[in-house]
Amino acid sequence: TMGLHINSPIADTMIMNHLFYEEPPHRLEALSKEYFNIPMAKYKDIMGKHDPRSVEPGHEIWESFLDYGSLDALVTLKLFHYLKSKLTNTKLWKGSEDSRSLYDLYWEYEEPQLNILYSMGRRGIKVDVEHLQKVEKGLEEEKEACAKEVCKLARKPVNPGSPQQIAELLFGKEEGDFGLKSLETTDKGRDKCNEKVLNTIVKNLSVEPYLSDEDSQRAAQIAKKVIQYKKASKLKGTYTTGIIKRLDDNNFLHTIFKPMTKSGRLSSSDPNLQNLPSARKDPHNIRGAFVADDEDHILIGADYSQLE
């Protein structure tokens, strides 16, 4: 376990506002403007490129940093009292003998859940670093193999990670380019080369090839290999390199669980652990990197027709 322990009740104004108005926004700056007409600066605008750890009395942004923090605390307290009044005056069941209000609902159900979610996030989930490093190596090898194959098919050096270079190769009119029909363009008139466009190229050339058979096959194979390269690159950056960088000293990964979704489910961020590649579609077994804390515990994944 790492971080702070919360030993007092949590009054979360975002959750309180969500109980009253399901639709977003619920962020402090938005509610401050809507309810009190008090504009608030954004944290990133105050901090700029400064390291938060370096901001102390005498720092060039100290005064604005202090003003930001003071207003943040003031508006949060003001918002709590405002929402407390609204929730208290809203009965849970209209026309019922049940006298409970939305404010009672918050403390009975929402607040205990926040404590649990906070504890889950701070405790984290154990990661098998060795397994993840093997996956990382495999993805890098896959990228290298794709890059080599793209160059071989293009018959010249080309970077599959560069949309501009791939667009010039596939849509360009110079010698050695394929000169494919333009599909999507940017505001500046340049050909786009995203995954949607690449998939369309593969489909079009298989249904109605307008190049020679050899060139059609080469162009389609290049598009396929670039898609594969992009997917491997994304997996590596998000789920191997990205995760390894976020681990604590004990190889635990800490995410933030958020209870505010329209479906009523939890969401996860920084990083999103609910968007891991499906085990059936992931030959690298990225999910296998998430393990139980020790030999005395097991990790269970339960998901049957979305009914956990």
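Residues Glu136 and Lys143 are not paired through a salt bridge, judged by the lack of any N-O separation under 4.0 Å between the basic side chain and the carboxylate.
In the hydrophobic cluster analysis, where Ile, Leu, Val, Met, Phe, Trp and Tyr join through side-chain heavy atoms closer than 4.5 angstrom, Tyr68 is grouped together with Leu66. Transitive grouping of hydrophobic side chains (ILVMFWY, heavy atoms separated by less than 4.5 Å) brings Leu102 and Met16 into a common cluster.
Ser269 OG to Ile256 CD1: the interatomic distance, rounded to the nearest 0.5 Å, is 4.5 Å. The CG atom of Leu139 lies 6.0 Å from the CD1 atom of Ile286; values are rounded to the nearest 0.5 Å. From Lys258, atom NZ reaches atom CG of Asn272 across 9.5 Å, with rounding to the nearest 0.5 Å. Remark: Glu140 CD to Thr241 OG1 distance equals 8.0 Å, nearest 0.5 Å. Considering CG of Asp215 and CG of Leu180, their distance stands at 9.5 Å, rounded to 0.5 Å. In this structure, NE2 in His254 is found 7.5 Å from CZ in Phe252, a value given to the nearest 0.5 Å.
Pairs of residues two or more places apart, or lying in two chains, never qualify as ring pair (Phe, Tyr, Trp, His ring centres under 6.0 Å) while including a residue from residues 278-301.
The two residues Lys230 and Pro163 make their nearest non-hydrogen contact at NZ-CG, 4.2 Å. Annotation for His26 and Leu31: closest pair O-CD1, 3.4 Å, computed over non-hydrogen atoms. Contact detail for Pro277 and Tyr239: the closest heavy-atom pair is CD-CE1, 3.9 Å. Nearest heavy-atom pair across Trp62 and Glu56 is CE3-C, 3.4 Å. Scanning all heavy atoms of the two residues, the minimum distance from Ala220 to Val202 falls at O-CG2, 3.7 Å. The two residues Pro160 and Val226 make their nearest non-hydrogen contact at O-CG1, 3.8 Å.
No donor-acceptor distance shorter than 3.5 angstrom exists from the side chain of Thr88 to the backbone of Ser85, with no hydrogens or angles considered. Although no hydrogens or angles enter the test, the distance criterion places a donor-acceptor pair under 3.5 Å between the side chain of Glu111 and the main chain of Ile10.
Evaluated for a side-chain hydrogen bond (donor to acceptor under 3.5 Å, both in side chains) with Glu142, the options Gln228, Lys137, Lys231 yield exactly one hit, Gln228.
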Pair Glu60-Lys49, salt bridge (Lys or Arg N to Asp or Glu O under 4.0 Å): steps then yes or no: CA-CA 12 Å; Glu60 61 179 291; Lys49 296 182 179 180; over 6 Å; no
Audit row: Asp191, Thr185, side-chain hydrogen bond (donor to acceptor under 3.5 Å, both in side chains) steps and yes/no: CA-CA 4 Å; Asp191 286 293; Thr185 58; over 6 Å; no
Before giving the answer on side-chain hydrogen bond (donor to acceptor under 3.5 Å, both in side chains), spell out for Ser267 and Gln274 the whole-Å C-alpha distance, their side-chain angles and the decisive distance to 0.1 Å. CA-CA 7 Å; Ser267 64; Gln274 294 176 304; 5.4 Å; no
Does Tyr106 form a side chain to side chain contact (heavy atoms under 4.5 Å, CB included) with Leu114? I'd like the steps, not just the answer. CA-CA 10 Å; Tyr106 173 83; Leu114 287 175; 3.6 Å; yes
Step-by-step side-chain hydrogen bond (donor to acceptor under 3.5 Å, both in side chains) determination, Ser101 to Asp104: CA-CA 5 Å; Ser101 66; Asp104 295 317; 3.3 Å; yes
Tyr35/Asn17 under side-chain hydrogen bond (donor to acceptor under 3.5 Å, both in side chains): CA gap, chis, key distance, verdict: CA-CA 11 Å; Tyr35 294 146; Asn17 191 71; 2.5 Å; yes
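Within 6.0 Å of NZ on Lys156 lie more than 12 heavy atoms contributed by other residues, nucleotides or ligands. Counted within 6.0 Å of NZ on Lys91, heavy atoms from surrounding residues, nucleotides or ligands total more than 12; the atom is thus considered enclosed. More than 12 non-hydrogen atoms from other residues, nucleotides or ligands lie less than 6.0 angstrom from NZ of Lys173. For Arg287, the CZ atom sits in a packed shell: over 12 heavy atoms of surrounding residues, nucleotides or ligands are nearer than 6.0 Å.
Using a 4.5 Å heavy-atom threshold, the side chains of Lys224 and Gln221 count as touching. Contact annotation: the side chain of Ile244 never approaches that of Val127 to less than 4.5 Å [non-hydrogen atoms, C-beta and beyond]. With a 4.5 Å cut-off on side-chain heavy atoms, Leu28 and Leu79 count as touching.
Taking the six-membered ring wherever Trp is involved, the centroid distance between the rings of Phe36 and Tyr82 falls below 6.0 Å.
Using cut-offs of 30° and 60° on the angle between ring planes, the pair Tyr103 and Trp107 is perpendicular.
If you check the side chains of Lys203 and Asn199, you find no donor sitting under 3.5 Å from an acceptor.
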